[in-house]
Amino acid sequence: MKIFIPVILAGSFVAQSAFAGGLSDPIIPVVPPAPPMVVPLDWYAGVQAGNLTGDLANEFVTTNTPSFDIDGPIYGVHAGVQRAFGGMMLGAEIDYNTSGSDLADDEEFVESELSTLAHLKLRAGANIGNAFVYGTAGLAYADMSITAFGLTTEMTDTAPFYGIGADMMVSDTISIGAEYLIHSFEDMDDTGYDVEFNTAMVRASYHF
């Protein structure tokens with residue numbers, strides 16, 4: 001019996017050590033948090049073309065300063081940047097447009113030319129599939145002239161505008177769309193002319 005006592009004591013010590021080691025807290029690896037996802041800015045540039053319709057009314061209507069309708073083609077270039085916020089999109093854009101024809105072509109003895117129509121736009125809307133449907137508003141700048149019975153009136157002015165539009169991605173870098181804008185220049189350049197017109201244009205953009 002005396003021989004087995006040390007063996008029993010040794011076995012008991014080993015068992016207690018193993019049991020005590022089994023109660024130690026497990027080591028859980030720490031996983032670092034994923035970095036926040038950054039939504040890149042979408043820069044783009046493109047071209048647009050369409051039609052302008054409206055009218056010019058002069059509060060001091062005389063033989064030399066008539067009121068008449070305007071109608072004609074318009075075309076230009078644009079560039080902008082936008083960013084997605086979940087299902088929404090917010091962006092800013094500038095454009096430059098001109099018309100190479102007489103907008104008062106139906107009027108006899110009257111000519112009207114639009115050399116510049118530029119916009120500084122804010123665009124906000126929703127992403128629906130591959131389409132961006134938006135509303136837009138901002139500031140428009142127009143430079144136009146009226147020649148009536150040999151008398152030419154030059155007018156440059158700024159005015160607010162608003163409208164709606166939609167762009168659709170047709171590839172990874174190309175989008176096509178359409179836009180309708182409403183303009184109103186009251187007493188344009190202090191000439192007495194109230195110039196109101198709308199533009200309807202199709203557009204194509206390259207996204208960098």
Could you work out, with side-chain hydrogen bond (donor to acceptor under 3.5 Å, both in side chains) as the rule, every residue matching [X], not counting sequence neighbours?
X    : value
S205 : H78
N51  : D71
T136 : none

Value for CG (D42) from CD (Q82), rounded to nearest 0.5 Å, stands at 4.5 Å

To the nearest 0.5 Å, atom CG of N130 lies from atom CE of M169 at 8.0 Å

For residues 146-163, the salt bridge (charged side-chain N to carboxylate O under 4.0 Å, His left out) pairs (sequence neighbours left out) are none

Across all chains, not counting sequence neighbours, the salt bridge (charged side-chain N to carboxylate O under 4.0 Å, His left out) partners of E93 are K121, R123, R203

Write down the atom of [X], the atom of [Y], and the distance for their closest heavy-atom approach.
X    : Y    : result
L181 : G163 : CD2-CA, 4.0 Å
I70  : S112 : CG2-OG, 4.3 Å
H183 : A140 : CD2-CB, 3.9 Å
T116 : Y96  : CG2-CE1, 3.5 Å
G192 : D187 : N-OD1, 2.7 Å

Among all residues two or more places apart in sequence or in another chain, which pass the side-chain contact (heavy atoms from CB on, under 4.5 Å) test with [X]?
X    : value
L139 : T158
D189 : M155, T156, T191
D69  : D55
A84  : V39, M89, N127

Going by chain and number, the hydrophobic cluster around L120 (ILVMFWY, side chain to side chain under 4.5 Å) further includes I94

Any donor and acceptor pair, going by atom type alone, linking the side chain of [X] with main-chain N or O of [Y] inside 3.5 Å?
X   : Y    : answer
N97 : L117 : yes
D95 : H119 : yes
S99 : P73  : yes
Q48 : V77  : yes

**Message:** For the CG atom on L41, are there more than 12 heavy atoms of other groups (residues, nucleotides or ligands in this structure) within a distance under 6.0 Å?
**Reply:** yes

*Taking atom CD1 of I176 as the centre, report whether more than 12 heavy atoms of other residues, nucleotides or ligands fall under 6.0 Å from it.*
no

Applying ring pair (Phe, Tyr, Trp, His ring centres under 6.0 Å) to Y206 and not counting sequence neighbours gives F208

Next on the checklist: As a quick check of understanding, evaluate side chain to side chain contact (heavy atoms under 4.5 Å, CB included) for S175 and F132, giving each step before the final call.
Outcome noted: CA-CA 10 Å; S175 68; F132 171 39; over 6 Å; no

| Using 30° and 60° as the class limits, which term best fits the ring planes of F185 and F197: parallel, tilted or perpendicular? | parallel

Hydrophobic cluster membership, [X] vs [Y], 4.5 Å side-chain cutoff:
X    : Y    : result
V110 : L52  : yes
I182 : Y193 : no
F161 : M188 : no
M201 : L114 : yes

Under 3.5 Å, side-chain donor or acceptor atoms of residues 142-150 against the rest of the protein: list the pairs with distances, not counting sequence neighbours.
{"residue": "T147", "atom": "OG1", "partner": "T152", "partner atom": "OG1", "Å": "3.0"}

request  = Before giving the answer on side chain to side chain contact (heavy atoms under 4.5 Å, CB included), spell out for V47 and Y75 the whole-Å C-alpha distance, their side-chain angles and the decisive distance to 0.1 Å.
outcome  = CA-CA 8 Å; V47 296; Y75 51 89; over 6 Å; no

